[in-house]
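The model shown is predicted, which means the values in this text are computed figures rather than measured ones. We count residues from 1, following the sequence as given.
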Amino acid sequence: GSWCPAPLCRGRALPRPPAGPACAVGRPLRWVSSSQPGPTESDPSEGQVYLSESCVKRLLEITEGSEFLRLQVEGGGCSGFQYKFSLDTVINPDDRQGQKGGARVVVDVDSLAFVKGSMVDFSQELIRSSFQVVSNPQAEKGCSCGTSFSVRF
């Protein structure tokens with residue numbers, strides 16, 4: 001189904017999220033290390049990412065089969081770092097998987113350090129709809145574009 005104004009080719013990056021407050025409260029994901037089989041509850045020091053109800057609902061609508069939402073943090077943007085969302089099917093050895101209500105989010109270990117304690121939300125507005133990271137305790141300041149942030153030291 002169509003979920004953003006522009007058509008999305010599978011595997012391409014999702015639209016850049018707008019800035020905006022989160023209105024939904026999420027529950028913590030259960031993280032699983034793909035490289036170490038064992039209990040589903042991971043080491044608390046690895047941090048957690050939360051999914052809002054709207055994020056879970058949207059992911060269940062757009063993902064098919066083994067697809068999941070990948071969240072990455074990359075260098076760049078107007079504040080030093082930027083969030084990148086994409087649909088993926090390949091789990092890498094350094095990935096951490098989170099699941100809530102059947103929706104899956106995967107974050108690599110390096111990116112997780114920058115987003116632990118954050119919430120992933122799905123925002124639907126008149127001109128666009130997108131996934132976004134909100135309430136990131138690791139970010140010192142964000143940017144009006146909503147994708148870029150600087151890190152708190």
Side-chain angles (χ1 to χ4, degrees), residues 1-8 10-34 40-74 77-79 81-91 95-152:
S2 177
W3 59 278
C4 71
L8 171 76
R10 295 236 167 251
R12 303 271 291 280
L14 300 176
R16 292 182 171 237
C23 53
V25 175
R27 293 188 298 275
L29 291 160
R30 283 180 171 267
W31 287 103
V32 182
S33 167
S34 57
T40 52
E41 209 65 66
S42 69
D43 183 342
S45 66
E46 283 186 348
Q48 292 176 315
V49 174
Y50 303 84
L51 298 186
S52 72
E53 296 300 333
S54 62
C55 175
V56 171
K57 181 172 181 284
R58 194 61 194 151
L59 274 177
L60 293 176
E61 290 170 357
I62 65 171
T63 53
E64 299 170 1
S66 61
E67 280 183 326
F68 53 80
L69 182 70
R70 177 175 291 281
L71 166 57
Q72 292 171 282
V73 174
E74 299 179 335
C78 38
S79 300
F81 295 93
Q82 57 191 355
Y83 304 114
K84 180 184 171 190
F85 290 97
S86 58
L87 292 180
D88 199 353
T89 56
V90 179
I91 303 286
D95 284 340
R96 297 295 177 266
Q97 303 176 58
Q99 186 164 332
K100 176 182 170 187
R104 293 197 303 153
V105 173
V106 170
V107 185
D108 63 85
V109 172
D110 293 338
S111 295
L112 186 57
F114 293 102
V115 296
K116 60 187 179 186
S118 304
M119 179 181 290
V120 179
D121 189 31
F122 179 73
S123 171
Q124 199 143 18
E125 298 177 0
L126 288 174
I127 57 168
R128 62 179 167 178
S129 52
S130 60
F131 291 100
Q132 57 189 15
V133 173
V134 293
S135 314
N136 184 352
Q138 313 306 318
E140 186 170 55
K141 62 187 173 78
C143 173
S144 60
C145 64
T147 61
S148 186
F149 68 101
S150 60
V151 177
R152 179 171 311 190

Which heavy atom of L51 sits nearest a heavy atom of M119, and at what distance? C-CG, 4.4 Å
With sequence neighbours excluded, what pairs up with F114 under the ring-ring contact (aromatic ring centres under 6.0 Å, His included) test? F81
First locate atom CZ of R128, then atom OG of S123, and finally report the distance between them rounded to the nearest 0.5 Å. 8.5 Å
Minimum heavy-atom separation for R70 and V90, please, with both atom names. NH2-O, 2.9 Å
Could you go through R96 and V109, starting from their C-alpha distance and side-chain angles, then the distance that decides it, and tell me whether this counts as side-chain contact (heavy atoms from CB on, under 4.5 Å)? CA-CA 7 Å; R96 297 295 177 266; V109 172; 3.5 Å; yes
Rounded to the nearest 0.5 Å, the CG atom of L71 sits from the OG atom of S86 at a distance of 9.0 Å
Looking at OG1 of T63 and CG of L87, how far apart are the two atoms once the value is rounded to the nearest 0.5 Å? 7.5 Å
To the nearest 0.5 Å, tell me how far D121 CG sits from E53 CD. 10.5 Å
Nearest heavy atoms of S66 and R104, plus distance in Å: O-NH2, 2.8 Å
Distance, nearest 0.5 Å, that separates CD of E74 from OH of Y83: 13.0 Å
Which pair of non-hydrogen atoms, one from Q99 and one from G102, has the smallest distance, and what is that distance? NE2-CA, 4.1 Å
Gap between atom CG of L59 and atom CZ of F122 - 0.5 Å precision: 9.0 Å
Using the rule given for side-chain contact (heavy atoms from CB on, under 4.5 Å), can you reason through I62 versus F131, listing the C-alpha separation, both sets of side-chain angles and the distance that settles it, and then say yes or no? CA-CA 12 Å; I62 65 171; F131 291 100; 3.8 Å; yes
Taking only residues two or more places apart in sequence, or in another chain, which ones meet D110 in a side-chain contact (heavy atoms from CB on, under 4.5 Å)? D108
Side-chain (S111) to main-chain (V107) donor-acceptor, under 3.5 angstrom: no
Which atom of L60 lies closest to which atom of G101, heavy atoms considered: CD1-O, 3.6 Å
How close do E67 and E64 get, heavy atom to heavy atom, and via which atoms? OE1-N, 2.9 Å
Contact check, side chains of P137 and S118, non-hydrogen atoms, under 4.5 Å: yes
